[in-house]
Amino acid sequence: MKDKKHYCDVLIIGSGIAGLSTAINLCESGLNVILITKAKNIEESNTLYAQGGIVTLGKDDSPRLLAQDIIDAGDGISNPLAVELVTKEGTKLVEDFLIKKVSVQFSKSSEKAYDYAQEGSHSRRRVLYWRDETGKAIEVGLSKRVKEYKNIRIFTDYSAIDLLTIPHHSVNPITIYREPQCIGAYVLNNVEERVERIFAQYTVLASGGLGRIYLHTTNPPGATGDGFAMARRAGARIINMEYVQFHPTSLFHKDADGFLISEAVRGEGARLKTKSGETFMEKYSPLKDLAPRDEVSRAIYEEMHQRGDNYVYLDISNYSEVDIKERFPNIYSRCLSLGIDITKEPIPVVPAAHYICGGVQVDTWGRSSIKNLYAVGEVSGTGLHGANRLASTSLLEGLVWGIRAARHIADNFEDDKPYKESEILPWIYPEMEEEADPALILQDWLSIKSIMWNYVGIIRTLKRLERGVADLSYLKNRIEDFYKKAHLTPTIVSLRNGIQTALIVAEFALRNRKSRGAHFIKSTT
Ligand code: SIN
């Protein structure tokens with residue numbers, strides 16, 4: 001009974017916009033799908049918390065203009081194929097899939113016309129939004145829809161432990177001569193704390209980002225970098241992991257836990273100010289407060305550092321024409337609950353880790369370097385974002401690649417199993433399982449987060465990066481030793497992934513000596 005097995009055509013790991021778009025399109029094609037999430041409900045994901053919106057073509061806009069903005073924000077190293085795909089196909093997919101099929105609502109300026117928001121580095125107003133809860137509107141719509149299909153099984157409270165691959169997990173020595181292939185995953189049933197195997201013809205990683213490996217982040221607790229670590233252990237190619245985007249404005253308050261103050265707030269006119277009330281972005285960029293995120297985050301860091309302040313202010317109360325309570329109801333009420341009335345006073349903010357621009361390298365269909373393994377959404381490295389992501393492009397990237405990965409799998413589906421199930425290793429439990437000490441786990445996480453924040457953060461130096469890699473390597477070995485003996489719990493699975501992903505980011509950052517976009521190395525000589 002310990003070795004429970006499940007079978008499906010396609011396994012999807014993760015339930016944000018990318019995972020759910022993949023799932024819905026696969027279900028429509030008649031394939032059998034299992035979708036797992038480590039959360040207790042499928043809505044819980046980075047998507048749920050996205051405030052700003054989803055980029056489309058606005059009025060007086062064109063694919064060429066949008067492409068140029070993406071490339072400029074990405075500091076010139078975006079993948080041209082990915083940029084072309086998103087700018088030419090994105091708007092239609094939003095209309096056909098999100099609006100027509102899933103009935104997601106976006107804010108309108110009149111009964112017939114959508115309103116478009118402005119965000120940093122966009123040369124046009126082109127971001128579709130729903131108040132300041134766009135992600136929630138999308139996520140709730142998709143989750144409702146996906147539950148209508150009979151050919152999907154949704155396993156909540158299941159953590160993916162490792163991708164099942166051959167030859168790695170096969171006892172048949174002859175499989176070594178085959179091209180490496182993903183055949184599913186070992187997963188932890190979090191409630192029963194038992195490992196199960198899911199056998200799948202195709203596997204789609206849609207496990208989101210890694211913000212929680214940093215001390216300060218806008219990301220929810222689940223964003224521990226699981227997919228990057230799993231893909232690395234399986235031998236998949238990973239790119240651009242040094243480009244961690246810091247969002248310039250997360251709420252500075254002891255009880256805020258990285259609550260995001262959307263870039264759309266600056267899009268509606270808000271200005272950044274020092275604690276003593278002076279605006280400062282004009283010193284750093286001709287685009288002022290709407291400069292790319294990497295530049296704004298560094299400017300804030302610099303101002304805080306020069307003045308010895310631990311936050312700056314974002315002031316919308318004196319600058320905006322919009323009805324603040326109506327346009328930003330979520331931000332307004334959260335701030336008010338913490339004693340800040342944003343219609344009357346400035347908001348204390350600091351930068352926080354927000355988005356990883358790199359990931360598991362995929363082509364324009366979402367195919368990774370491992371056969372039958374796809375990656376979509378933040379865990380993937382499509383190359384769209386280059387060295388720094390343009391605001392509100394991530395939901396669209398998740399949607400475009402989610403739909404395309406599903407189409408590609410459905411159009412090329414092959415039901416051949418190049419292995420006998422009896423050749424695939426069941427999970428091997430340690431003889432004497434050790435229980436984890438919560439105090440040690442807490443301290444390990446604190447170490448990872450502060451190493452990443454201080455040594456692999458907004459401003460990096462060679463010395464900090466070297467120290468970061470050394471400290472993380474030591475920690476990784478210690479955690480791995482413990483993992484091999486431990487009674488597995490979701491906490492241990494994510495700690496192991498968190499440390500491995502942190503080390504991946506630190507190693508990429510150390511290897512790349514050129515400052516570009518979100519990867520900034522300050523010379524200390
Ligand atoms: C925001 O609302 O500022 C976040 C949107 C994004 O990260 O693209």
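Quick note: numbers below take in every heavy atom, side chains included, and nothing from hydrogens, waters or symmetry partners. Counting starts at 1 for both ligands and their atoms, in listed order.
Below 4.0 Å from some heavy atom of Gly52 lie the following atoms of ligand 1, by number and element: 1 (C), 2 (O). For ligand 1, the atoms sitting less than 4.0 Å from at least one non-hydrogen atom of Leu260 are 1 (C), 2 (O), 4 (C), numbered in the order shown with element in parentheses. Residue-ligand proximity, Glu263 to ligand 1, at heavy-atom distances under 4.0 Å covers atoms 1 (C), 2 (O), 3 (O).
Seen from the ring of Phe508, Arg511 counts as a face-on cation partner, given the 6.0 Å and 45° thresholds. Judged by the 6.0 Å distance and 45° axis criteria, Lys275 is positioned over the aromatic ring of Tyr311.
Contacts between Leu395 and ligand 1 below 4.0 angstrom, taking non-hydrogen atoms only, are absent altogether.
Side-chain atoms of Arg126 and His122 form a donor-acceptor pair, as typed in the model, at a separation below 3.5 Å.
Here the two rings, on His385 and Tyr355, have centers that are under 6.0 Å apart. Taking the six-membered ring for Trp, Tyr129 and Tyr116 have ring centres at least 6.0 Å apart.
Formation of a donor-acceptor pair under 3.5 Å by the Asn219 side chain with backbone atoms of Ala223 is not found in this model.
The protein heavy atom nearest to atom 5 (C) of ligand 1 is Arg293 NH2, 3.5 Å. Among all non-hydrogen protein atoms, the one lying nearest atom 2 (O) of ligand 1 is Ser262 OG, 2.7 Å. In this structure, the protein non-hydrogen atom closest to atom 8 (O) of ligand 1 is Ser392 N, 2.7 Å.
Ring orientation note: the planes of His216 and Trp453 are nearly perpendicular, at an angle over 60° on the 30°/60° scale.
The shortest heavy-atom distance from His354 to ligand 1 is under 4.0 Å. Residue-ligand proximity: Ala391 is placed with a non-hydrogen atom under 4.0 Å from ligand 1.
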